[in-house]
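A quick write-up on the structure given underneath.
All of these numbers come straight from a predicted model, not from anything done at the bench. In each ligand, atom 1 is the first atom listed, and ligand 1 is the first ligand listed. Quick note: residue numbers are just sequence positions, from 1. Note: hydrogens, waters and symmetry copies are ignored here, and every other heavy atom, side chains too, is used.
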Amino acid sequence: MNINSAKFEISNSNVKKCPATCKHEYAFIGRSNVGKSSLINMLTGHKGLAMTSSTPGKTLLINHFIINDEWYIVDLPGYGYAQRGKKQQAEIKKIIEDYILEREQMTNLFLLIDSRHNPQKIDLEFMEWLGENGVPFSIVFTKLDKLSSAAGKIQTAKYLAVLKEQWEELPPVFYTSSTDRRGRQELLDYIEELNKLPVGCQDESTPEE
Ligand code: GTP
Ligand code: MG
C-alpha cells in the first residue's frame, strides 16, 4: 500500500470526542519511549507528523491522523512512566483503557516492545488484559537497528518463547526500526489486508432502516 497523504486531525483526552466517522483505525501503544510516534512517522513517511522525544511521556493524548483520506492511525500515550506521578498515571491509564474498550472502529492495536528488553511485567500484564477483553492486537518489536542482526533474532525469539508459556497462539509479530525503516512494508501490507474487512462500527450519519 502507498501512503499518499497523512494529516493530523485531532487530539483529545476523551474517546467520546474522537472523530465520529466510521473508518478503520489502527492504534499504537506501548511503554513510554518505546518508539510509537517515531514508528508512525516512519510508516507515513512524514518526519514531523507525530511528536517524538528522547524524554519519555511526550504523547499525553489520543492523536488521530487520517491516512489517504480513508483510514486512521492513532498515536496513544505511553504507559508505565513512573516519573509521571500517580494522579497523571491514573488519568492516562483511563484514557487508554476507555479508548481501547469503547472504540469500535479500532481494527487492530499494535503493541510496541523495545527489542532490546526482556519481557517486562507491565507489558505481559497489559497483553493479558487485552486477551481478557478480546482486543485484537499484534506485537511490534522496535529499535532493531540498535542490535546486531544475530542479537536481534536471539532476543526477540527469547521474548516470544516467554509469551508462548502464556498464550496458546501468538498474535502476528513485526520486526521494525524507525531508523532504517525495516518492517514498514510488512506493517502496511497487514493494514491493507485488514482494511478490506468490514469496519466494526456503524456510521452515525447513515440513517437507520
Ligand atoms: P512517548 O510518546 O513518550 O510515550 O514515547 P514514544 O513511544 O512515542 O517514543 P518516541 O517515538 O518519541 O521515541 C523515543 C526515543 O526513541 C526518541 O529519542 C527516538 O528517536 C528513539 N527511537 C524511536 N524509534 C527508534 C528506532 O527505531 N531506532 C532508534 N535507534 N531510535 C529510535
Ligand atoms: Mg509518543
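- For Phe174 and Phe141, the ring centers are positioned 6.0 Å apart or more.
- If you check each of Ser53, Ser32, Ser177, Gly78 against atom 12 (O) of ligand 1, the one with the closest non-hydrogen atom is Ser53.
- Of the N or O atoms in Met51, none lie within a sub-3.5 Å distance of an N or O in ligand 1.
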message: For a salt bridge (charged side-chain N to carboxylate O under 4.0 Å, His left out) check, start with the C-alpha distance between Lys196 and Glu192, then their side-chain angles and the critical distance, and finish with the verdict.
response: CA-CA 7 Å; Lys196 292 177 186 159; Glu192 187 172 24; 5.7 Å; no

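- Minimum interatomic distance between Leu61 and Ser11 (heavy atoms only, all atoms of both residues): CD1-CB, 3.9 Å.
- Listed by number with element, the atoms of ligand 1 under 4.0 angstrom from any heavy atom of Ser178 are 24 (N), 26 (C), 27 (O).
- With 2.8 Å as the limit, Ser53 does not count as an N, O or S neighbour of the Mg ion (ligand 2).
- Residue Lys146 touches ligand 1 through its side chain alone, judged by heavy-atom distances below 4.0 Å.
- On a distance-only criterion, Gly35 and ligand 1 share at least one N/O pair closer than 3.5 Å.
- At a 3.5 angstrom cut-off on N or O pairs, Asp145 counts as close to ligand 1.
- Within the listing of ligand 1, atoms 1 (P), 4 (O), 5 (O), 6 (P), 7 (O), 8 (O), 9 (O), 11 (O) sit less than 4.0 angstrom from a heavy atom of Lys36.
- Shown in contact with Ser54 at under 4.0 Å from a heavy atom are these atoms of ligand 1, numbered in order with element: 18 (O).
- By the criterion of side-chain heavy atoms lying less than 4.5 angstrom apart, applied directly or through intervening Ile, Leu, Val, Met, Phe, Trp or Tyr residues, Leu49 is grouped together with Leu188 in one hydrophobic cluster.
- Here ring pair (Phe, Tyr, Trp, His ring centres under 6.0 Å) pairs that include residues 87-111, with residues two or more places apart or in two chains, are Phe28-Phe110.
- Residues Ile66 and Ile10 do not share a hydrophobic cluster, clusters being chains of Ile/Leu/Val/Met/Phe/Trp/Tyr side chains in contact below 4.5 Å.
- Taking only non-hydrogen atoms, the option from Ser38, Ser37, Pro77 nearest to atom 13 (O) of ligand 1 is Ser38.
- Leu60 and Val34 fall into different hydrophobic clusters, defined by Ile, Leu, Val, Met, Phe, Trp and Tyr side-chain heavy atoms under 4.5 Å apart, directly or through other members.
- The minimum heavy-atom distance linking Tyr72 with Pro19 is given by the pair OH-CB, 3.6 Å.
- The shortest separation from a heavy atom of Thr179 to ligand 1 is under 4.0 Å, placing the residue in contact.
- At under 3.5 Å, a nitrogen or oxygen of Lys143, whether backbone or side chain, sits near a nitrogen or oxygen of ligand 1.
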